[in-house]
2 protein chains.
Amino acid sequence: MAKRSDTQGRLDDAARAGWLYYVAGRTQDEIAAAMSISRQSAQRLVSLAVAERLIKVRLDHPIAACLELAEALRKKYGLRHAEVVPSDPAGSSSTVGIAEAAAAEIERWLKRPDPIIIAIGTGRTLKAAVDQLPPMECLQHRIVSLTGNIGPDGSAAFYNVIFSMADAIKARHFPMPLPVLCSSAEERETLHDQALVRSTLQLGAQADVTFVGIGELGVDGPLCVDGFLGREEMLTLVKNGAAGEICGWVYDRQGQLLGNSINDRVASVPIPSREKSSVIGIALGKKKLAAISGALKGKIINGIITDEATAEQLLSG
Amino acid sequence: MAKRSDTQGRLDDAARAGWLYYVAGRTQDEIAAAMSISRQSAQRLVSLAVAERLIKVRLDHPIAACLELAEALRKKYGLRHAEVVPSDPAGSSSTVGIAEAAAAEIERWLKRPDPIIIAIGTGRTLKAAVDQLPPMECLQHRIVSLTGNIGPDGSAAFYNVIFSMADAIKARHFPMPLPVLCSSAEERETLHDQALVRSTLQLGAQADVTFVGIGELGVDGPLCVDGFLGREEMLTLVKNGAAGEICGWVYDRQGQLLGNSINDRVASVPIPSREKSSVIGIALGKKKLAAISGALKGKIINGIITDEATAEQLLSG
DNA sequence: TTTGCTCATGGGCAATTACTCACCAGAGGA
DNA sequence: TCCTCTGGTGAGTAATTGCCCATGAGCAAA
């Protein structure tokens, strides 16, 4: 019984010490003097107060909610990187805030002094992010595009992001001199066998970090809007369970690549290893929810940059 | 990337750093790495977060000694509410600790779902408490100031607390468009007869809970320091037995309002009924002892938030 | 354009804090 | 009674943090 009351008294002391430390801002030495104990004991009491959750810290800032969501996402999906930006309340645009955040993240990688390989996917959101990049000189790095740069009509694909990136960033960049979709698996094989293409493919496979957009499916999704797929093909895909697309690779709600689909004809570099490198998806919005969720569940990506509203839906789902 | 010079962005970063440090428990080195800044910058952001009061620390523990004192106070003076916080041993500041405790109590009232009327007095201690409040949405409540918001020189009275409160709390708030002291009893009557003022007076009278500071008298007391009373007037008051003031209402050591004094000219709302509502005084310190004691003895207040040392003196006296 | 001011930065260093180790005291069981 | 286990203590040491200073960028006034 002495033990019980001692424990109680110790918690009181812990509370007192914690109060003096955190609220009154005194040092542990001063607390030790005030309570007539050794400095080490004061330190123990303070850390006990923390461990017993007597001390509650709160952060009054809109960012706090975002950071908590990011932490939750990281935990739920085992991510290497998660970033949540505040939702634009009036937000209809799919790039508000997220583009800046993604640009900041890209910039962090570009600032590294050691040479790395950065792979870049495609998509409007990613393009908006890249457009936010300030001019930089990064001759130590190599930047490689995961997707072909030739559109369905033979012109340059507009949302091939690597050219926008090359405008701002001085680095060696490697576009893919291929269409986005081949007409058949055989054609893809032939094309991929070219020396130039092969080295680019190899480069992509070695990427240290990859940034990709995430496309939703449906007749309003980017694959259709940009003319890579016809309306009928798309409807068939959706009927077969397709939920989203990254660099043209189509997957279902669990993030499993579809086998009997256009995936045989996608000319893109396979998405780099999520074991050995960071693959960061950049997307937000209700329309993309299934696509983002699938990519996370199937571990097609191991990093995400999104907004508050989307993060909440991802966590509740 | 956004310009680093903009204040908003810097505060966001400070919030991020503060969150990572206090909530996630990372070291400043880790934060620096995560945010791609130097460790020193991370440290600056963390201390900025503290300086900007983005970080709020609260101690959640009923400390035995304080509880005992609180219980004794409650019994001795028949109080509805008594709260005692640990004294800062080296404490010179009159707001350390007590402000947090008072803020917690105010927050408890604000969190009530049923609509209530909260009346707010004045004073430095009370202002410090209100400054600790986190942003809240409480549209169901009404907050009314007991004192005028026009200072002796015609400017806005700085320690009129309701405006600070309005910054953090989203609720209907009703300041008093009056001076603190009128030049005569007649002027007061005229002013109080205005329709707008009358409705505010009425609102104040209906308050469910009232928070007031307690001011000591003397030439160093707030009435003099803030220029509401001249030195001579004050000395006369003290000679006549004045011991303290709440919202400008001056009372003696037994808590009886003085009849022949400035009380005829105080424009404040009468202190709400202690029979039907809670009137909580917030004060500590040896200088205020007579003022606090008088307010308790005369039942001008029926609740007190103070510190350990003051509580002990109140009980021994 | 120059000048002067403000403010963020990074380095270095001293103060402060956290952790590990060895030891001790009391409770409870064999 | 003795042993062991739990939980606390102080010392020493490594890690972390706070502060000062010189520097340089951005900006407004001259």
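Chain naming here is simple, since letters A, B, ... match the order of the sequence lines and numbering starts at 1 in each.
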Just the rounded figure in Å: distance from P of C:dT9 to CD1 of B:Ile37. 7 Å
Quick one: on DNA chain C, does B:Ser36 or A:Tyr21 contact a more 5' nucleotide (nearest heavy atom)? B:Ser36
Report yes or no: do B:Ser164 and B:Asp167 form a side-chain donor-acceptor pair below 3.5 Å? no
Using whole Å, what does the distance between atom C1' of nucleotide C:dA15 and atom CZ of A:Arg26 come to? 16 Å
So, the side chain of A:His141 versus the backbone of A:Leu110: is there a donor-acceptor pair under 3.5 Å, distance only? yes
Quick one: B:Tyr22 OH to D:dT17 P, roughly how many Å, whole number? 10 Å
Atom NZ of residue position A:Lys75 - does it have more than 12 heavy atoms of other residues, nucleotides or ligands inside 6.0 Å? no
From D:dT17, C:dG10, D:dG10, pick the nucleotide closest to the side chain of B:Ser41? C:dG10
Using side-chain contact (heavy atoms from CB on, under 4.5 Å) as the criterion, point out the one residue from B:Ile214, B:Val84, B:Asp307 that pairs with B:Leu284. B:Asp307
In whole angstrom, what separates B:Gln28's CD from C:dA18's P? 12 Å
Round to a whole Å and report the spacing from CG of B:Asp29 to P of D:dA14. 17 Å
Atom NZ of A:Lys111 to atom P of C:dT9: distance rounded to whole Å? 10 Å
Decide, yes or no, whether a salt bridge links B:Glu308 with A:Arg16 under the criterion of side-chain N to carboxylate O below 4.0 Å. yes
For the residue pair A:His81 / A:Asn302, report whether a side-chain donor-acceptor contact shorter than 3.5 Å exists. no
Going by an N to O cut-off under 4.0 Å, is there a salt bridge joining B:Glu83 and B:Arg108? yes
A:Leu11 atom CG is separated from D:dG7 atom C1', nearest whole Å, by 14 Å
Between B:Glu30 (CD) and D:dT16 (P), how many Å, whole number? 8 Å
Expected rows: protein N/O vs nucleotides 19-24 of chain C N/O, under 3.5 Å:
none

Establish, with yes or no, whether the OP1 or OP2 oxygen of C:dT9 is under 4.0 angstrom from a side-chain nitrogen or oxygen of B:Ser38. no
